[in-house]
Each structure stands twice: as C-alpha cells, then as structure tokens.
Protein chains: 2
Amino acid sequence: MARNRRPQPKAEKRAELVAVARELFLEEGYEATSVSRVAKGASVAPNTVYWYFEDKDALFIAVLDELFAEDLAAYAEVAGASLAEQAFWLVGRLRRVRGLVATVHARVRVSPAIAAWHDRLHATIDAVIAHQLPGPVDPGVLAVESTIASFTVEGLITHDVPDDEARPVCDALAARLLSLARPG
Amino acid sequence: MARNRRPQPKAEKRAELVAVARELFLEEGYEATSVSRVAKGASVAPNTVYWYFEDKDALFIAVLDELFAEDLAAYAEVAGASLAEQAFWLVGRLRRVRGLVATVHARVRVSPAIAAWHDRLHATIDAVIAHQLPGPVDPGVLAVESTIASFTVEGLITHDVPDDEARPVCDALAARLLSLARPG
DNA sequence: GTCGTTCTTGAACGGCGAGCAAGACCGCAG
DNA sequence: CTGCGGTCTTGCTCGCCGTTCAAGAACGAC
C-alpha cells in the first residue's frame, strides 16, 4: 500500500549510513567501529541506525554487498585477460578489504547472516573460475584446484603479501589451472 | 633478588587461568568469552586476571602458545609419513582451533603482540615445509609453493572443509611440492 | 614483629550493542 | 482544517565489556 511515503529520504539516509560505515570499517576495522560513531558520522542518534538495520551485522553485510558489487563490476575490465593477470588483479583489488576478510571469517561462526553471505561469495568465485577455464574439466579435479586457487588468493590478501611476492604465486596458480584443460 | 617468593602457586594459578581461557576460547570463541567468565572459571575476581596477563590479548597468546606447542609435539608422530598424509593430518589436527585462526587474523591488525606471534608461526611452518622436501629446491619456487600450501591448509581449516574434500586437496598440494625436488 | 613483596579484591570508568516507549513528522481521508 | 496512522527519530535505560586504581590481605625474609 505505502499510504505514507516520504519523497526519497529513506533510501538516501540508509545509503549515507552505509557510506559512513564503509569508510569506518575499512579504515578502523569492524570491532573498532562503534554503531555510535557511524550514527554520528551520518548526523543521527545512535538508535536510529537500528531502524535501518536489524543489527550491526546487517549494516556490515550492506557494506560488504556494496563493495562486492563494485568489485564484480570492475572485474569486467580484466575478464578477457590471462588467468594469471586476473588473479593478480584480484589480489590488488581486494587488498583494500583486507581487514574485512578476517572479520567475515571470524563472524561466520557467530552470525548466520554473514555465514550465508560468505557461502554465496565463494560459490560465485568458484563459478567464475570454472567459467574461465577453456574446455571441460573433470569436476573433481576442478573442485580441488579451484579450492586451492581461491584459498591462496584469500591468504595473499589477509596476510598482506606484497605485489612482488604475490605475482609469482598468481602465475603458479594460473599455470596450474590451465594445465587442467590441456592434460599432458 | 626475589626476596619474597611463594612456593609455587603463581605459575599454577596462571596455568589454571590459561586452561579455563583455552576451554572457553575454543568452545565459544574469543569475542564471546569475557575476561569475567575466565576469572569466574578460575574462582577469581575479574581484575585478578590482569595481574597475570597484561591484557586479554596476552591471555590469548598464552593459550595459542600452549596449543601450538602441543601440535608441534604431536607432529613428531607423522613427521616420517608422506607429505600428503602430513598435510591431511595437519588439517584434521588444526580443526579444533578453527575459530581461533580467524580470530588471530582479525587481531593481527590491532595487536602487535599477536602480529608477532602470527609471523613466528608462519616462519615455523615454512621452515618445516622446506625441511620436508628431498634435495635442494630453487628458493623462489619453494617460496611460491610453500605459500600456496600453507594458505590452502589455512583455508581448509577456516572454511571447515570436510575430510573427504580436504583429502584430495592435500594430495594435490603434496604432489605439487614433491615435483619441485624431482624436476621433469 | 616489622617490613616489603606478592597477590587479591571492591569499586569505578568510559564505552559498547541493543531494546523500549514516547513523540515528531508527514501524507492522506474526512 | 482536523484527525489518523504509518514513517522516522530520539532520550532513556539496561547489562555487559575490557581495563584501571587504590586499598588491603597473605606471606617470606630479617
């Protein structure tokens, strides 16, 4: 029905809260960022946040969704490049969310919502990897190598491995994956 | 000097606190375990914990040290087995500390002490891997493959991959590492 | 017995995530 | 213009958190 709808501001205020939270989460980390500070950044009382989001985790997920959507869109730029370049690009790209990766893993055990988000993320990654391989690959082998690749990339990010060390790792991962499609 | 030293109880009480904290950290997670609960479990006032440990992170590190020492001792059992079996054993062994792995990574950014502990851990792991390879290996290549192996194992743990999926991943990792020493 | 060290504690601090009830704001129906 | 009901905001409050501090109890050395 929506008998009483304000012109716009609901979505806008929500977006503003997400923007402030995103900035703080990335800059200071999830735990170090209090709901109060997010509220203050959006010029709002602390409780107001809880009208837009069920809890702090929901706010976190909104930020993750925004970041992930951006990454997925940006991925189009390199979708045609070599696998090694794609992996290396991904590592560089995800470096900005370094702290958040560890937070997601820590909160997966505690928040079902974040666990669901995390599962979706990895499913997407696996699908992208499978789609990038030329020709059909034995599903079992693909699962193994896809696991190795995504976990390794995750490790490169969370451990903040510098570019010059990450590059050869990405090359090795790509070589590994490509050798699946051309057995020999 | 030590002009006034009680018979033993200092180390004992400390050990008791570590034991209680270990139980709770493993069972409920780091964040969900309050210092008060640890104190209560050791029949002590909450502040007493701060006489034995500088802060909650120091208590955490004490627990990590204990767990790691046990794992290292237990490793002797499988040090002679194949690399694949070693990796698989490690995954199973570390499964009990699943939640703590994510916590360590999350707190590395915030606690220098935990960052130092984490660095030491990975250095040890790399050394063990290098020691397990037969014959000399090109250092650059070894670093790459060692990185892939340890990050993958870490991923298998944090993502709670079941045994039947982890096994072939371990096999693939071991095969990869062994092919380094026997080029061809 | 007294002194200094080793422990333990009660009380307090600021801040946290969150819940609740009151109310302000607003568009619409009468 | 008035009142109603949904939309949004807030002040207040709760219980808990990690941590600090000063006071004091227990104890060994002299």
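Here is the naming used below: chain letters follow the sequence lines, and residue numbers restart at 1 for every chain. These figures come from a predicted structure and were not determined experimentally.
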Asks: To the nearest Å, give me how far apart CH2 (B/W51) and C1' (D/dA22) are.
Replies: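 Going from B/W51 (CH2) to D/dA22 (C1'), I get 17 Å.
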Asks: In this structure, how many angstroms lie between the C1' atom of D/dT10 and the OH atom of A/Y52, rounded?
Replies: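 A/Y52 atom OH is separated from D/dT10 atom C1' by 13 Å.
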Asks: Enumerate, atom names and distances included, each donor-acceptor pair closer than 3.5 Å involving a side-chain atom of residues 39-46 of chain A, sequence neighbours excluded.
Replies:
none

Asks: Just checking A/E54: does its CD atom have more than 12 heavy atoms from other residues, nucleotides or ligands closer to it than 6.0 angstrom?
Replies: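 Check fails, neighbour count at 12 or below.
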Asks: Closest to the B/K13 side chain: D/dT10, C/dC7, C/dT8?
Replies: C/dT8
Asks: Show the distances under 3.5 angstrom between N or O atoms of the protein and N or O atoms of nucleotides 15-19 of chain C.
Replies:
from: C/dC16; atom 1: OP1; to: A/S34; atom 2: OG; distance (Å): 2.9
from: C/dG17; atom 1: OP1; to: A/V35; atom 2: N; distance (Å): 3.4
from: C/dG17; atom 1: OP1; to: A/K56; atom 2: NZ; distance (Å): 2.9
from: C/dG17; atom 1: OP2; to: A/V35; atom 2: N; distance (Å): 2.8
from: C/dA18; atom 1: OP2; to: A/Y50; atom 2: OH; distance (Å): 2.8
from: C/dA18; atom 1: OP2; to: A/K56; atom 2: N; distance (Å): 3.0
from: C/dG19; atom 1: O6; to: A/N47; atom 2: ND2; distance (Å): 3.3

Asks: List in numerical order all residues of residues 100-116 of chain B for which some heavy atom is under 4.0 Å away from an atom belonging to DNA chain C.
Replies: none
Asks: Side chain of A/V44, heavy atoms from C-beta onward: which of D/dT10, D/dC8, C/dT9 has the nearest atom to it?
Replies: D/dT10
Asks: How close or far is atom P of C/dT9 from atom NZ of B/K40, stated in whole angstroms?
Replies: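 For the pair B/K40 NZ and C/dT9 P, the rounded distance is 13 Å.
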Asks: Does this structure show an ion pair linking B/R109 with A/D160, if we count only N-O contacts that are shorter than 4.0 Å?
Replies: no
Asks: Looking at A/R96 and A/D71, does any basic side-chain N land under 4.0 Å from a carboxylate oxygen?
Replies: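 A/D71 and A/R96: salt-bridged.
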Asks: In terms of relative ring orientation, are B/H105 and B/H118 parallel, tilted or perpendicular, with 30° and 60° separating the classes?
Replies: perpendicular
Asks: Which heavy-atom pair separates B/L173 from B/V153 by the least distance, and what is that distance?
Replies: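 Closest heavy-atom pair between B/L173 and B/V153: CD1-CG2, 4.3 Å.
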Asks: The test is salt bridge (Lys or Arg N to Asp or Glu O under 4.0 Å); show your working for B/R22 and B/D65 and say whether it passes.
Replies: CA-CA 11 Å; B/R22 165 187 173 149; B/D65 279 336; over 6 Å; no
Asks: Indicate yes or no: does A/R95 engage A/D163 in a salt bridge with an N to O separation below 4.0 Å.
Replies: yes
Asks: Could you state the atom-to-atom distance from NZ of B/K10 to C1' of D/dA26 in whole Å?
Replies: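 To the nearest whole Å, that distance equals 15 Å.
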